[in-house]
Amino acid sequence: GCTTDPSVTDSSEAPESSEEASVEWFDQALFDKQNAERTVVPEGPDGQPWLQTINAELVDTAQFASTGPKKACFANASISNPWRQTGWITMNQQLKVLQDAGVISEMETRDAQDSDDTQIADIDYFIDEGNCDIFLISPNSTAAMTPAVERACDTGKPVVVFDRGVQTDCPVTFIHPIGGFAWGIDTAEFLIDNLEKGDKVVALRILPGVDVLEQRWAAAEKLFDEAGIEAVDYFTGADPAEIKKIISDELAKGDVKGIWMDAGDGAVAAIEAFEDAGADYPVMTGEDEMSFLRKWKETGLTGLAPVYSNFQWRTPLLAAQKIFAGEQVPVEWVLPQSPITAEEVDQYLALNEGMPDGHYAKFGGEDLPGYPQVWEDRVIP
Amino acid sequence: MSTATPTARRRRGRLDSSLVVGIALVVVIAIGAVLVATVGRNFFSPGNIRDILTGMSVLGFVAIGQTLVVLCASLDLSVLYVISLSSLIAADLMAGNPANIPLALAASLGVAGLIGLANGLIVTKLKVNGFIATLGTGLIIKGFLDSNYKGTSGDVPMEFRLIGATGLGPVPVSTILMLAVAVLVWLFLSRTRTGHHIYAVGGNEQVARLSGIRTARPVIVAHVLCSMSAALAGLLLASRSGVGNPTFGAQGGYDLLSIAAVVLGGTLLLGGRGSVWGTIGGVAIFAVVDNVMSVMQVNPFLKDVVRGIVIVAAVAVYASRSVERRRPRFDGGGAPPPAPSPATAEPAASAEPASAEGGVR
Amino acid sequence: MSEPILVAEGLEKSFFGVQVLRGVGLTLHPGEVHGLIGENGAGKSTFMKILAGVYQRDGGTVRIAGAEVDFQHPVQAAEAGLATVFQEFNLLPERTVAENVFVGREPRRFGLVDRRRMVRQTEQLLAELGIDFIDADAPVRRLSVAEQQIVEIVKALSVDARVIQMDEPTAALADHEVELLYAIVARLKARGVAILYVSHRLKEIFDLCDTITVLKDGALVSTGPAAELDTDELVRRMVGRPIETYFPEAEPGTELGEPRLVLRGAGNGYVDGIELELRAGEIVGVAGLQGSGRTELAEAVFGIAPFTRGTMELDGRAIRVTGARQAVREGLALVTEDRKAQGLALNQSVLDNALLVIRSVFSRRTAAVRRELPGVLSSLEVASRGVEQEVQYLSGGNQQKVVLAKWLATEPRVVLMDEPTRGIDVGAKVAVYRLMRRLTREGVAILMISSELPEVIGMSDRIIVMHDGRASAELPARSDEATILAAATGTLAAIELGGGAA
Amino acid sequence: MTAATELRPSAGQRLAGLARTLISPRGAVFLLLVLLLVAIAVLNPSFAEPSQFIRFIQRVAPVAIVAIGQYFVIVGGEFDLSMGSVVTAQVVIAGNLIGQDESKALPVLALMLGFGAVIGLVNGLIVSFLKVPSFIVTLGMMLALLGAVLYWTGGAATGNPADGFREIGRGGIRGIPVIDILPWSVVILVVVLALAVWFARRPFGRTIIALGDNPTTARFSGTRSWWVKTSTFMISSLSATVAGVLLVGYAGVHPSVGRGYEFTAITAVVLGGVVLGGGRGWVVAAAAGAFALEALFTLLNFAGVPSTYRDAVQGAIIILAVAYSATTFRARRRGRALEAPVVPPPGAPPPAAAPETSPASGAKTDDSPETPATPAPIPSTQRADNETKGGS
Ligand SMILES: Nc1ncnc2c1ncn2[C@@H]1O[C@H](COP(=O)(O)OP(=O)(O)OP(=O)(O)O)[C@@H](O)[C@H]1O
Ligand SMILES: Nc1ncnc2c1ncn2[C@@H]1O[C@H](COP(=O)(O)OP(=O)(O)OP(=O)(O)O)[C@@H](O)[C@H]1O
Ligand SMILES: [Mg+2]
Ligand SMILES: [Mg+2]
């Protein structure tokens with residue numbers, strides 16, 4: 001008994017807010033933009049993808065130019081999954097470099113533990129008490145964090161947002177890889193190429209409602225639909241036991257030819273479900289998490305590892321460096337995001353040998369101090 | 001027995017309820033202030049106080065409602081989803097238009113009230129344990145949310161956002177509202193019949209029944225009010241973030257945390273004893289602990305360890321206090337003595353002390 | 001005489017097929033104090049509860065001020081001017097005195113509970129009773145039993161009743177508090193209130209009552225002016241049979257043996273200076289008023305609240321018992337006074353309850369005991385539908401026998417019995433007495449705490465009387481009631497008074 | 001029928017008894033389970049094939065084992081909310097400490113069992129001696145344990161443990177005729193259930209139930225309450241450990257393995273007719289509750305219910321199932337009280353034999369079942385005793 005129907009909304013007062021009050025995550029314009037960005041050759045230093053940009057529209061930061069070490073305040077959404085943990089480790093190593101270089105004096109971090117409310121309070125605390133020279137924000141959710149980010153902008157200090165976005169242009173730069181639609185396109189095209197019309201794909205999704213994840217599925221679902229691939233999706237909470245049960249049941253119902261995942265966590269369990277049921281390996285897309293790459297290699301299945309570039313965790317601090325140097329930065333800093341293909345697996349496996357299963361192959365911290373020990377031991381500050 | 005001084009007795013009686021929580025809070029604040037000072041910050045700065053009070057507001061609303069339910073020996077695990085649902089209903093109905101605010105408030109509180117009513121009826125009429133009943137209704141709401149919402153939704157107009165964003169000095173308006181609700185609930189508990197009956201039913205359903213109380217009613221009312229105050233938490237979250245979110249509740253883990261705060265506030269999990277002010281104290285303890293850990297940049301995983309330990313340790317302090325037998329008639333013996341020495345015996349007592357080796361086995 | 005305020009006629013009541021009231025009736029006039037007496041289980045409380053609307057009668061009529069009534073709930077009765085002080089406490093320990101007095105009908109002002117009026121009226125009621133030591137704002141859990149009893153009375157008074165029933169209101173009161181109650185009753189009487197008064201203390205009955213109704217086994221024996229009765233006649237009507245057949249003699253072959261349990265100067269927070277010698281084959285009775293510390297004595301011996309002073313010897317060995325488990329291992333058994341709260345696990349079967357101690361303390365003997373159990377149960381004449389029946393469905397007497405079976409299974413050498421026959425019927429009582437005699441013949445020592453003086457007198461080889469936590473006297477077998485009562489109230493000098501008071 | 005002699009039931013009576021048991025609260029869970037299984041088999045006949053069905057049992061095994069452990073805690077009158085975290089902790093420990101080194105499997109397994117026992121011991125000791133409600137103790141343990149494990153591992157495990165170790169949860173005895181493979185999980189479940197049934201009937205197991213029913217009585221009967229209580233927590237933590245071992249084999253290492261298991265286990269136990277608050281319930285029914293719950297999920301999968309609606313259906317079914325138990329239980333209890341005319345002991349003198357009884361007696365001497373003595377709003381003490389447990 002609920003009185004609202006979410007699809008019925010008063011759109012008069014809601015400008016440019018496509019996420020707001022929308023049932024569908026699919027956004028054709030964004031889809032087209034990201035689709036195009038996939039094929040753009042990124043600009044920037046070779047071998048340093050975290051400094052590369054795609055279709056950058058630069059903005060002047062001269063007003064922030066200033067010398068001496070600066071204090072960064074980092075409002076982090078959480079470190080509750082392996083992707084964020086890996087990035088967080090990388091970010092701290094990057095911080096060391098910048099501290100040694102005298103760019104950053106210290107970074108004060110508040111971790112919101114996945115709570116919007118906490119993160120809003122964290123940002124407000126920084127504004128009141130932090131003595132911050134720059135705000136780095138990895139929002140817990142897009143719309144909810146907008147008012148707080150706007151307040152941070154109002155202080156006149158530079159604001160850098162990365163990973164998930166916010167619905168305001170006020171930050172100096174918003175850093176992110178190409179995005180969920182690109183992921184969806186990469187993976188769906190791969191599966192469609194390797195499957196027949198009418199084949200069944202099981203989509204394993206972690207949780208509903210997070211934009212970067214929803215967009216992946218929105219794109220893939222659309223493409224599957226167009227290609228006549230039968231796709232069923234499940235939310236698994238990344239619990240491998242849950243994943244295994246789901247696949248087992250699907251296998252009991254009939255053949256499953258493909259597995260699509262919106263994140264690599266649990267890929268191994270999905271593959272093992274096929275092994276245990278004595279079924280042929282599916283065509284599969286996972287993520288650049290080591291567990292998937294290793295299992296992929298071991299089983300020799302037909303696979304693709306889409307990437308949500310983990311190295312983006314280095315960029316905010318580097319952006320800060322640029323901003324304080326008065327260098328131009330992109331308004332929207334789109335980082336490259338290219339999947340790991342079958343040809344590249346060996347290379348990345350070799351590169352990341354000794355890393356834990358929860359490590360991400362494209363973490364981009366090979367040139368940072370502490371490599372590889374810090375990542376191997378997963379030293380979380 | 002009749003000559004025992006009532007005043008002395010009263011002082012002891014009062015000590016172990018809200019006052020202990022207050023003392024615990026003061027101790028926590030003192031320790032917190034010292035720790036915060038070690039990292040070169042001021043615990044009592046306006047920004048920090050605001051951070052703490054903000055941290056109290058949402059959990060405060062939920063815990064106030066939870067107090068009512070726990071007082072009548074039930075539980076509410078569905079608050080999690082009621083919070084999310086009410087934020088969504090409100091944000092959707094407001095749709096950026098200030099004129100819609102009253103309707104949106106009425107709708108989300110109304111829906112929450114209906115959910116509470118369902119909880120109360122299931123508990124009292126279907127005789128399903130509150131734990132299971134609200135776990136079930138929570139799952140039902142969760143299913144509804146997951147099926148109908150795919151992420152944040154709605155748009156809260158500026159007018160309503162101000163509630164979450166403004167403050168009187170370092171005191172956020174939301175905290176004032178929360179405390180106002182606490183006062184209302186306190187008045188409800190102490191000044192209305194239903195409030196009194198909540199205590200009676202939670203204390204002893206039989207006695208309540210014999211005294212002519214229709215025992216289902218207070219339980220149902222408590223559940224309704226609990227859901228509605230969870231809805232207030234959801235509204236506050238919508239106000240602070242500008243949108244509704246189907247995961248607001250889950251993000252804060254408000255179900256178990258609110259119960260922990262209630263118990264931390266000295267309310268008996270079995271019902272019949274407790275107060276809203278104790279709960280506010282419990283919520284404040286949580287908020288201070290969280291604040292101090294954040295200021296000290298404690299590893300987020302360790303934060304949970306500390307929270308877990310604080311919950312158990314604090315409740316242990318109250319629990320061990322309340323384990324009291326009947327009053328001893330003869331001093332010297334006291335309550336169950338740990339290692340009584342026969343030497344303290346009164347002169348009249350026997351000369352030969354009970355030998356230890358002669359005893360057991 | 002004035003018009004009767006309450007007329008009950010031919011009340012009938014059965015519980016699960018056992019009839020406990022057989023056509024009982026009585027008449028109450030305004031300003032009359034009407035004593036209702038009878039043995040345990042005679043049906044006094046049931047009678048009152050029917051009047052109060054707690055139970056529904058199976059037959060008979062009740063009229064108040066001429067109008068026939070049929071209360072479905074005590075609140076209805078209270079509204080009609082009939083208030084009841086129940087035998088069991090009906091208080092909420094966490095709530096204040098005033099809140100308890102007015103629970104369910106809190107006074108309101110502008111729709112809100114008027115706390116001040118509640119407290120004021122409570123204080124007023126307390127003051128009317130001349131009580132200044134109870135704080136209307138104190139939580140009831142802080143009050144002593146006597147004070148709680150007074151709160152119960154105040155609760156009944158607060159409805160401005162025309163009829164007040166009191167079920168053993170003095171059971172928990174000390175002497176001067178009984179005086180207080182006398183004063184209360186006198187005042188109520190002067191106001192024209194009719195009082196139905198139940199007590200086991202005959203002296204009170206004669207002191208207070210104008211009329212006395214005697215019940216026996218659920219039936220009316222007699223009803224008439226108190227002046228026409230004396231103690232002996234009253235007892236004869238109550239008991240209805242010579243006391244000798246009621247209490248079995250010691251079985252042949254019973255011998256007084258060595259001291260089993262010896263306490264010297266033993267004490268703790270609740271009892272003090274206890275001197276006791278309990279010999280094999282002996283039954284020592286412990287008498288005393290409620291709250292005199294008898295239960296606490298048993299609990300101290302059993303290690304629930306261990307002695308902290310003095311010495312305790314068991315079979316000649318000095319020991320310190322610090323827990324029930326140790327006590328059981330040492331051969332002690334404690335039949336607790338509160339069967340339901342302390343003696344039984346009501347949802348479990350007869351078998352599970354009977355094996356409870358064995359399983360938790362001597363688990364290796366479980367199989368053997370289990371084999372013998374049907375024999376034990378049948379020797380105790382436990383009436384059940386089988387060992388798998390849950391004990392909650394058994395009658396009180398049978399429940400008590402299950403408790404006894406539980407302890408017999410451990411083959412104890414010293415048995416502490418706290419109110420072993422409380423709330424059980426005549427037949428069950430005799431069975432318990434026989435069992436006690438059998439145990440003593442087997443060399444078991446028994447300490448029997450009882451509030452029923454005839455029982456203490458009829459069964460004990462010696463009698464310890466407790467007063468205010470101390471053993472105030474040790475009396476020989478067959479001591480008379482008056483002596484015991486005098487010792488129990490701490491006024492041994494007043495021995496002569498007791499019997500001839502009426 | 002006096003004197004505790006039992007009647008020997010005839011075959012017909014037994015059948016009728018079985019039927020009655022099935023619709024009784026005690027048997028309701030079995031009925032529910034059968035219905036669910038039949039529904040699944042109708043939707044997907046291959047499910048009924050032995051080889052598929054054994055896989056189903058394999059999959060339920062960890063949940064069922066956790067439910068069995070939770071059963072002992074609940075029937076002893078407490079809660080264990082820390083089970084999920086224990087599962088997670090054990091899974092992560094296995095991943096991190098065993099790694100790819102098979103030779104470490106046994107020592108680490110021993111360590112895990114020891115660790116599980118210690119967690120239970122700590123829970124139990126705090127509940128027993130510091131008098132903190134178990135709800136709070138195990139909630140604190142749940143937070144602290146998970147946080148500590150994540151802190152220790154930096155959020156994620158190094159990787160799956162050696163295949164030899166995972167074989168326990170994943171593999172089985174192959175080449176068995178009809179069922180093709182007999183998973184070790186199934187074997188372990190059977191062993192655990194058999195142990196649990198045996199243990200629940202042992203003196204110690206019965207003492208747990210008595211303690212849950214009435215702690216005061218247990219104490220006055222010489223029960224070592226702290227130890228009995230603590231042992232139930234140890235059992236539950238150990239069962240969570242076993243479940244962890246199976247899960248790490250079945251699914252692999254991830255910090256989300258075990259999430260929500262405490263609620264699943266409590267739900268399963270309550271579905272099995274075990275009364276929250278203690279003193280009542282059958283361990284087999286608790287395990288059946290776990291099966292029913294998993295069968296429900298499977299049914300929803302097969303029925304193609306969108307995954308977002310699954311929670312709603314689950315919630316509704318839990319409430320209905322428990323409400324069914326609770327309400328029929330009350331009805332039955334009332335009924336039972338009616339049909340239990342307690343035969344007066346033969347030793348008791350017939351009431352009328354007393355010399356001066358009133359002539360009015362004997363008006364009602366038949367044994368006809370009386371209505372249970374109470375007006376609707378005031379239950380007699382007889383019913384009141386368990387009302388507090390069965391009700392809210
Ligand atoms: N709710 C009940 N269910 C079954 N039997 C009951 C119930 N209440 C009372 N009885 C039985 O009815 C009989 C009369 O009990 P009642 O309490 O009226 O006795 P009483 O005269 O008040 O005794 P006492 O002096 O011990 O208070 C007893 O045998 C008792 O066991
Ligand atoms: N000093 C005291 N102050 C308050 N309450 C007391 C005191 N001493 C005893 N009591 C209470 O009085 C009640 C009866 O006391 P106790 O059990 O020691 O006496 P008893 O002679 O065995 O009485 P009963 O006849 O009830 O068995 C107990 O519940 C106890 O809590
Ligand atoms: Mg009585
Ligand atoms: Mg006593």
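Note on naming: letters A, B, ... go to the chains in the order of the sequence lines (proteins, then strands), and numbering restarts at 1 for each one.
In the displayed structure, C/R370 atom CZ is contacted under 6.0 Å by at most 12 heavy atoms of other residues, nucleotides or ligands.
Within the 4.5 Å cutoff, the side chain of C/F302 has heavy atoms near those of the C/V328 side chain. With contacts defined as side-chain heavy-atom distances shorter than 4.5 Å, the pair D/N123/D/V73 does not qualify. Within the 4.5 Å cutoff, no side-chain heavy atoms of C/V301 are placed close to those of C/V321. Considering only heavy atoms from C-beta on, C/R359 stays 4.5 Å or farther from D/T223 through its side chain.
Between the side chain of D/N214 and the main chain of C/K340, a donor-acceptor pair closer than 3.5 Å is present.
For C/A341, the part sitting under 4.5 Å from any heavy atom of chain D is the backbone (N, CA, C, O) and nothing else. Within the 4.5 angstrom heavy-atom criterion, only backbone atoms of C/L344 (N, CA, C, O) approach chain D. The parts of C/S363 that come within reach of chain D are both its backbone and its side chain, each placing non-hydrogen atoms under 4.5 angstrom from that chain.
Of all residues in residues 202-210 of chain D, those placing a non-hydrogen atom less than 4.5 angstrom from a non-hydrogen atom of chain C are D/P203, D/R206, D/T207, D/I209, D/A210.
Counting heavy-atom pairs under 4.5 Å between each of C/D352, C/L351, C/V361 and chain D puts C/D352 at the top.
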Only pairs under 3.5 Å count here: list side-chain donor-acceptor contacts from residues 227-234 of chain D, not counting sequence neighbours, and write none if there are none.
| unit_1 | atom_1 | unit_2 | atom_2 | d |
| --- | --- | --- | --- | --- |
| D/K229 | NZ | D/E78 | OE2 | 2.8 |
| D/T230 | OG1 | D/W226 | O | 2.5 |
| D/S231 | OG | D/W227 | O | 3.2 |
| D/S231 | OG | D/V228 | O | 2.6 |
| D/T232 | OG1 | D/K229 | O | 2.5 |

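Smallest separation of non-hydrogen atoms from C/L377 and C/A405: CD2-CB, 3.8 Å.
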